[in-house]
Amino acid sequence: MSGVLLWVVSPKENANSLLSLMPRIGSPRRSKLCSRLTFSTGVLAYSGAVAHPARSSEEMVYEVVLKQAALVREQSRVKERALDLDERIETDGLTNWDLLNQAYDRCGEVCAEYAKTFYLGTLLMTPERRRAVWAIYVWCRRTDELVDGPNASYITPKALDRWEKRLTDLFEGRPYDMYDAALSDTVSKYPVDIQPFKDMVEGMRLDLRKSRYQNFDELYLYCYYVAGTVGLMSVPVMGISPESKASTETVYNAALALGIANQLTNILRDVGEDARRGRVYLPQDELAQAGLSDDDIFRGKVTDKWKMFMKGQIKRARMFFDEAEKGVSELNSASRWPVWASLLLYRQILDAIEANGYDNFTKRAYVGKAKKLVSLPVAYGKAVIGPSKLTKQLVSR
Ligand SMILES: CC(C)=CCC/C(C)=C/CC/C(C)=C/CC/C(C)=C/COP(=O)(O)OP(=O)(O)O
C-alpha cells in the first residue's frame, strides 16, 4: 500500500470511468436499496442524491447489478465463448483434464488455508460449483495481495494494468498459470461477467492513490469495488434456486449488500490498524458532523463522541446485512449454508466491537470459537428454509 497520499475522487470522474466500462441498461432508476439506506440519524446525515445531484455511487453500482442479472437470465453468452482449455494447456505426461483438476485442487488448498470456515462451507456445494468458487476466491485473494501482501510496497498502477490485461486474457481463454486456468475454465462454464473483476482491480488502484473518503458515497464505491464485486462474481456460480420467485436483480442486490456489509464491518474492526498505516476509511463528513477528526482517530481515545459515532456506523453496517439476508434463501440449497455461516460470523464482529466498548483502536474485535461453533447449526437451520413464497412482484424491486 502506498503511503499517505490524499487523493480526492470526484464523483463525476468515478461515474465516467465506471460508465465507460459498461453499456447503459434501461433507465437509470434509483434502487429501493439505495433510498432505504439513505438515512439521517443525527450522527449520520447522508444522502447521496442530495450530496451529488448528478449520480450517486449506489445508482452507478446498481447499473452493474442490472447488467449482471441480465447476463444470468440470458446465459447465451456462455455458449458464444468457445473456450477450449483442453487444447491450450500443454500435456506433460498428464492429460489436460488432469492438469485442470490439479489447478482446481490447488485453488481449494489456498481457500482451505486462508478461509477455513468458508472452505468447509463450500464442501457442501456440488463439486463443480465448489471448485468454481475456489477459483474465484483465489483470484480475489491474489488481487488483494497485490496491494495488501508482502510485495505491496512495490506495486504500481502499471503492475495493476498488467494484472488487468492478464484478467482479460484469461477471460478470452489464455490463462498465464494454473490458478488462472482454473478461473478461465470457470468463466467459460458459468455466466460470470468480467466487469466485477475489472472493478475489483479498480478498487486496488483506488487503494493505491487514496487514503481518505470524503463521504459515504465515496466509501460505498470503494466497498463495491473491493467486496461488493465478490458478491456479484459469486451468484452465477452459487446459483439461484429453481424454486425462487424473486427477481434476479433482488438476489444480486442482496449479494452486493453482503459484500458491502462485510467490508464496512472490516473497516470498523480495523480502524486502529488502518490509522497506523495512515489510512482513514471512515467518511470525513460524518466524522466532522460527530465533532471528530483524523487526529482523534490517530490519538485513539474512546470518548462519548466516538461511541456515538460508532453506534451510527454499526447501525448502517447492520442495515446492509439485513438487506443481504433477504437474498440468501433465494440461492440454490447447497449454497445457502456457507453463505449464511459467513454472514452470521461476520455480522457478529459488529457485536464484538460493541462488547469491546467501541475500542477499535487497540482491540481487534473477533468472534470466539464457541460463538463460531454455535453459528454453524444456526446457519444450517436458516439454510434449510427455502426461497420465499412471495410472488415475483412483491419481492422484486
Ligand atoms: C447474499 C447472496 C444472495 C449471495 C452471497 C454472495 C456472497 C458470497 C457475498 C460475499 C462477498 C464477500 C465474501 C466479500 C468479501 C468481503 C470481505 C471484507 C472479506 C474480508 O476478507 P479478509 O480481509 O481476508 O478478512 P479477514 O481480515 O476478516 O480475515
Side-chain angles (χ1 to χ4, degrees), residues 1 33 65 68-69 72 110-111 113-119 121-122 125 129-130 132-134 136-145 147-149 152 192 196 199-200 203-204 207 219 222-241 244 246-270 273-274 281 317 320-350 352-353 360 364-367 372 379 382-383 387-388 395:
M1 207 94 53
L33 171 73
V65 168
Q68 301 307 304
V72 166
V110 175
C111 189
E113 171 83 18
Y114 293 101
K116 279 192 186 68
T117 318
F118 189 67
Y119 173 78
T122 61
M125 298 177 177
R129 289 188 198 280
R130 171 195 311 160
V133 168
W134 293 342
I136 292 176
Y137 173 85
V138 168
W139 186 85
C140 292
R141 170 131 213 120
R142 292 174 98 186
T143 305
D144 188 56
E145 288 259 305
V147 294
D148 232 357
V192 180
D199 286 344
M200 181 176 272
M204 302 304 135
D207 226 355
L219 181 62
Y222 172 71
C223 291
Y224 159 69
Y225 281 148
V226 300
T229 47
V230 185
L232 303 189
M233 294 167 192
S234 311
V235 174
V237 171
M238 293 187 161
I240 299 174
S241 167
S244 173
S247 69
T248 322
E249 292 98 276
T250 308
V251 184
Y252 271 92
N253 250 331
L256 167 71
L258 184 53
I260 305 274
N262 285 347
Q263 189 60 33
L264 289 174
T265 303
N266 212 276
I267 287 170
L268 297 179
R269 181 193 63 189
D270 297 341
E273 199 182 309
D274 289 332
Y281 289 97
F320 279 96
F321 276 118
D322 291 345
E323 198 62 35
E325 289 194 9
K326 292 179 197 160
V328 189
S329 316
E330 310 301 329
L331 292 172
N332 260 332
S333 57
S335 303
R336 295 199 285 264
W337 189 80
V339 173
W340 269 120
S342 67
L343 187 154
L344 295 178
L345 290 175
Y346 233 77
R347 193 178 175 136
Q348 285 178 85
I349 295 176
L350 297 174
I353 297 173
N360 41 7
R364 185 179 163 98
Y366 72 96
V367 181
K372 273 189 181 161
K382 286 179 177 286
S388 113
V395 285

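Read the numbers this way: they start at 1 and go in the same order the structure lists the ligands and their atoms. None of the values given here were measured: they were computed from a predicted structure.
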**OP:** Starting from atom 23 (O) of ligand 1, locate the nearest protein heavy atom and write down its residue, its atom name and how far away it is, to 0.1 Å.
**Re:** Asn266 ND2, 4.0 Å
Original post:
Hey, does Arg269 sit under 4.0 Å from ligand 1 if you only count heavy atoms?
Top reply: yes
Subject >> Val251 neighbourhood, listing ligand 1 atoms whose heavy-atom distance to it stays under 4.0 Å >> reply: 3 (C)
Original post:
Roughly how far apart are Leu256 CG and Cys223 SG, rounded to 0.5 Å?
Top reply: 10.0 Å
Subject >> Set of residues satisfying side chain to side chain donor-acceptor pair (under 3.5 Å) with respect to Thr122, sequence neighbours excluded >> reply: Trp134
Original post:
Do you know which two heavy atoms are closest between Tyr137 and Ala115, and how far apart they sit?
Top reply: OH-CB, 3.6 Å
Original post:
Considering residues at least two apart in sequence or located in another chain, which fulfil the side-chain contact (heavy atoms from CB on, under 4.5 Å) criterion with Ala261?
Top reply: Phe320, Phe321
Subject >> Option of least heavy-atom distance to atom 6 (C) of ligand 1 (set: Gly121, Gly228, Ala255) >> reply: Ala255
Subject >> Identity and separation of the nearest protein heavy atom to atom 5 (C) of ligand 1 >> reply: Val339 CG1, 3.7 Å
Original post:
What protein heavy atom sits nearest atom 24 (O) of ligand 1, and how far away is it?
Top reply: Arg141 NH1, 4.1 Å
Original post:
Which atoms from ligand 1 have a heavy atom of Tyr346 less than 4.0 Å away?
Top reply: 20 (C), 25 (O), 26 (P), 28 (O)
Original post:
Is Tyr114 in contact with ligand 1, taking contact as a heavy-atom separation below 4.0 Å?
Top reply: no
Original post:
Of the non-hydrogen atoms in Ala352 and Ala365, which two are nearest, and what is the gap between them?
Top reply: CB-CB, 3.7 Å
Original post:
Which atoms of ligand 1 have any heavy atom of Ser234 under 4.0 Å away?
Top reply: 8 (C)
**OP:** Would you check whether Gln263 has a nitrogen or oxygen atom less than 3.5 angstrom from a nitrogen or oxygen atom of ligand 1?
**Re:** no
Original post:
Which atom pair, heavy atoms only, marks the closest approach of Tyr252 to Pro236?
Top reply: OH-CG, 3.3 Å
Subject >> Heavy atom of protein closer than 4.0 angstrom to atom 29 (O) of ligand 1 >> reply: no
**OP:** Run the numbers for me: atoms of ligand 1, each under 4.0 Å from some heavy atom of Ala227, listed by number.
**Re:** 14 (C), 16 (C)
Subject >> Atoms of ligand 1 close to Gly231 [distance to a heavy atom under 4.0 angstrom, numbered from 1] >> reply: 6 (C), 7 (C), 9 (C), 11 (C)
**OP:** Heavy atoms only: give me the nearest Val367-Lys372 pair and the separation to one decimal.
**Re:** O-CE, 3.7 Å
Original post:
Tell me, which protein residue and heavy-atom name are nearest atom 16 (C) of ligand 1, and how many Å apart are they?
Top reply: Asn262 CB, 3.5 Å
Subject >> Numbered atoms of ligand 1 (with element) below 4.0 Å of Gly327, judged on heavy atoms >> reply: 3 (C)
**OP:** Considering non-hydrogen atoms only, spot the tightest contact between Ser241 and Arg336 and give its length.
**Re:** CB-NH1, 4.3 Å
**OP:** First locate atom SG of Cys140, then atom CZ of Arg142, and finally report the distance between them rounded to the nearest 0.5 Å.
**Re:** 12.0 Å
Original post:
Taking all atoms of both residues into account, what is the closest heavy-atom pair of Asp207 and Tyr281, and its distance?
Top reply: OD1-OH, 2.9 Å
Subject >> Asp144 contact mode with ligand 1 (heavy-atom cut-off under 4.0 Å) >> reply: neither
